[in-house]
Participant: 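Sending over a structure as structure tokens; questions will come in a sec.
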Amino acid sequence: MTLIAPSLLAADYLKLGEEIKRMESAGVDYLHIDVMDGHFVPNLTFGIDMVAQIAKSTTVPLDVHLMLAEPERYIEAFANAGAAIISVHIEACTHIHATLKAIKKTGAKAGVVLNPGTPAEALNAVLSEADLILQMTVNPGFGGQSFIPETLENIEKLATWRTENNYNYLIEVDGGINQETAELAKKAGTDVLVAGSYLFHSPNLEIAITDMRR
Ligand code: DX5
Ligand code: ZN
């Protein structure tokens with residue numbers, strides 16, 4: 001089963017409500033929301049109130065990707081805002097094990113994110129704690145970048161370790177996902193495809209989503 005999570009980063013912000021309804025009607029599994037602080041990544045995007053308003057406007061679960069330094073400071077706020085999944089970067093967390101526990105304590109699912117340059121082995125000690133592992137397939141900060149094929153190796157490892165040890169995490173990819181790269185990611189073991197530009201700029205959303213699921 002392939003799950004689809006459109007990234008609102010690529011939406012038309014002046015029509016955000018309509019954009020969300022459009023994705024909801026197309027039957028997406030999550031709405032992916034990229035929160036950036038201008039510090040961990042060189043860009044600024046959405047905050048807590050934005051997530052809270054989006055949560056009130058839709059029944060689609062929110063997949064909140066925190067690209068923040070010290071993300072542990074904001075976990076409770078995003079959980080209260082209505083995030084179903086909260087993902088933090090391993091590169092931004094001094095105490096990743098404690099941070100994943102803190103996310104789960106709020107009732108949200110706990111995700112951990114790997115930048116393209118971070119080896120999958122960095123997660124060895126938290127694989128049993130994670131509900132989701134998000135492999136960045138571009139450097140985080142901007143939409144519309146090209147997929148980095150070397151990141152597939154991490155996905156293959158995460159999929160193998162999951163089978164060998166009966167771990168429960170979902171594997172998600174984010175960045176440069178389109179019809180071709182979705183296929184590569186799927187073959188490597190991905191469950192959840194995040195796509196921004198490809199879905200929001202698609203001339204036929206329903207077909208794009210059906211093709212991606214396939
Ligand atoms: C990048 C974000 C992505 C971004 C992907 O830092 O994490 O979610 O929206 O955009 P596309 O699909 O256009 O590469
Ligand atoms: Zn993202």
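Every heavy atom of this structure was used, including side-chain atoms; hydrogens, water molecules and symmetry mates were not. We count ligands from 1, going down the list as the structure has it; atoms in each ligand are counted the same way.
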Participant: Considering only heavy atoms of His32, which atoms of ligand 1 have at least one such atom less than 4.0 Å away?
Facilitator: 8 (O)
Participant: Below the 3.5 angstrom mark, is there an N/O of Met67, backbone or side chain, next to an N/O of ligand 1?
Facilitator: no
Participant: What protein heavy atom sits nearest atom 1 (C) of ligand 1, and how far off is it?
Facilitator: Phe142 O, 3.6 Å
Participant: In the hydrophobic clustering (ILVMFWY, side-chain contacts below 4.5 Å, transitive), which residues join Val113, or is it alone?
Facilitator: Met1, Leu3, Tyr30, Ile85, Leu132, Leu134, Met136, Val138, Leu170, Val192
Participant: Output yes when a side-chain donor or acceptor of Tyr74 lies under 3.5 Å from a complementary backbone atom of Leu68, and no otherwise.
Facilitator: no
Participant: Would you call Glu18 and Lys21 a salt bridge, using N to O less than 4.0 angstrom?
Facilitator: no
Participant: Tell me which one of Asn178, Leu199, Thr2 satisfies side chain to side chain contact (heavy atoms under 4.5 Å, CB included) with Met212.
Facilitator: Leu199
Participant: Distance to 0.1 Å, residue and atom name: give those for the protein heavy atom nearest to atom 13 (O) of ligand 1.
Facilitator: Ser197 OG, 2.3 Å
Participant: In terms of side-chain geometry, is the basic nitrogen of Arg22 or Glu19 positioned less than 4.0 Å from the acidic oxygen of its partner?
Facilitator: yes
Participant: Given the rule in the side chain to side chain donor-acceptor pair (under 3.5 Å) test, do Ser7 and Asp34 qualify, once you have shown the distances and angles that lead to the verdict?
Facilitator: CA-CA 7 Å; Ser7 167; Asp34 291 301; 2.7 Å; yes
Participant: With nothing but distance in play, are any N or O atoms of Val194 less than 3.5 Å from an N or O of ligand 1?
Facilitator: no
Participant: How far is atom 10 (O) of ligand 1 from its nearest protein heavy atom, and which residue and atom name does that atom have?
Facilitator: Gly143 CA, 3.5 Å
Participant: Taking a hydrophobic cluster as the set of Ile, Leu, Val, Met, Phe, Trp and Tyr residues connected by side-chain heavy atoms closer than 4.5 Å, whether directly or through intermediates, do Ile48 and Leu16 fall within one such cluster?
Facilitator: yes
Participant: Which residue and non-hydrogen atom of the protein lie closest to atom 12 (O) of ligand 1, and at what distance in Å?
Facilitator: Gly196 N, 2.8 Å
Participant: Gly175 heavy atoms, cut-off 4.0 Å: which ligand 1 atoms fall inside?
Facilitator: 14 (O)
Participant: Identify, with sequence neighbours excluded, every residue that meets salt bridge (Lys or Arg N to Asp or Glu O under 4.0 Å) alongside Asp191.
Facilitator: Arg162
Participant: Which residues satisfy the salt bridge (Lys or Arg N to Asp or Glu O under 4.0 Å) test with Asp37, sequence neighbours excluded?
Facilitator: none
Participant: Could you tell me, atom by atom, which parts of ligand 1 come under 4.0 Å of a heavy atom of Pro140?
Facilitator: 6 (O)
Participant: For atom 6 (O) of ligand 1, find the nearest protein heavy atom and state the residue, atom name and distance (0.1 Å precision).
Facilitator: Gly141 N, 2.7 Å
Participant: If you measure every N or O of Gly176 against every N or O of ligand 1, does any of those distances drop under 3.5 Å?
Facilitator: yes
Participant: Does atom CD (Glu156) have a neighbourhood of more than 12 heavy atoms from anything else shown, all under 6.0 Å?
Facilitator: yes
Participant: If you take the centroid of each ring, where Trp contributes its six-membered ring, are Phe46 and Phe78 closer together than 6.0 Å?
Facilitator: no
Participant: Tell me if a side-chain donor or acceptor on Ser202 pairs with a main-chain N or O of Ala208 at a distance below 3.5 Å.
Facilitator: no
Participant: Can any side-chain N or O of Thr137 pair as donor or acceptor with the backbone N or O of Gly175 at less than 3.5 Å?
Facilitator: yes
Participant: Identify, for atom 5 (C) of ligand 1, the protein heavy atom at the shortest distance, and state residue, atom and that distance.
Facilitator: Asp174 OD1, 3.5 Å
Participant: Quick check on contacts: which atoms of ligand 1 are under 4.0 angstrom from a heavy atom of His65?
Facilitator: 7 (O)
Participant: Is the closest heavy atom of Ala195 to ligand 1 under 4.0 Å?
Facilitator: yes
Participant: Just how far is it from atom NE2 of His65 to atom CE of Met36, taken to the nearest 0.5 Å?
Facilitator: 7.5 Å
Participant: Give the contacting part of Ser7 toward ligand 1: side chain, backbone, both or neither, where contact means a heavy-atom distance below 4.0 Å.
Facilitator: side chain
Participant: For Gln179 and Asp211, indicate whether the former's side chain and the latter's backbone hold a donor-acceptor pair under 3.5 Å.
Facilitator: yes
Participant: Looking only at heavy atoms, is any part of Tyr198 under 4.0 Å from ligand 1, and if so is it the side chain, the backbone, or both, or is it neither?
Facilitator: neither
Participant: Give the residue, atom name and distance (to 0.1 Å) of the protein heavy atom nearest atom 2 (C) of ligand 1.
Facilitator: Asp34 OD1, 3.4 Å
Participant: Could you name all protein N, O or S atoms found under 2.8 Å from the Zn ion (ligand 2)?
Facilitator: His32 NE2, Asp34 OD1, His65 ND1, Asp174 OD2
Participant: Within ligand 1, which atoms have a heavy atom of Met136 less than 4.0 Å away?
Facilitator: 7 (O)
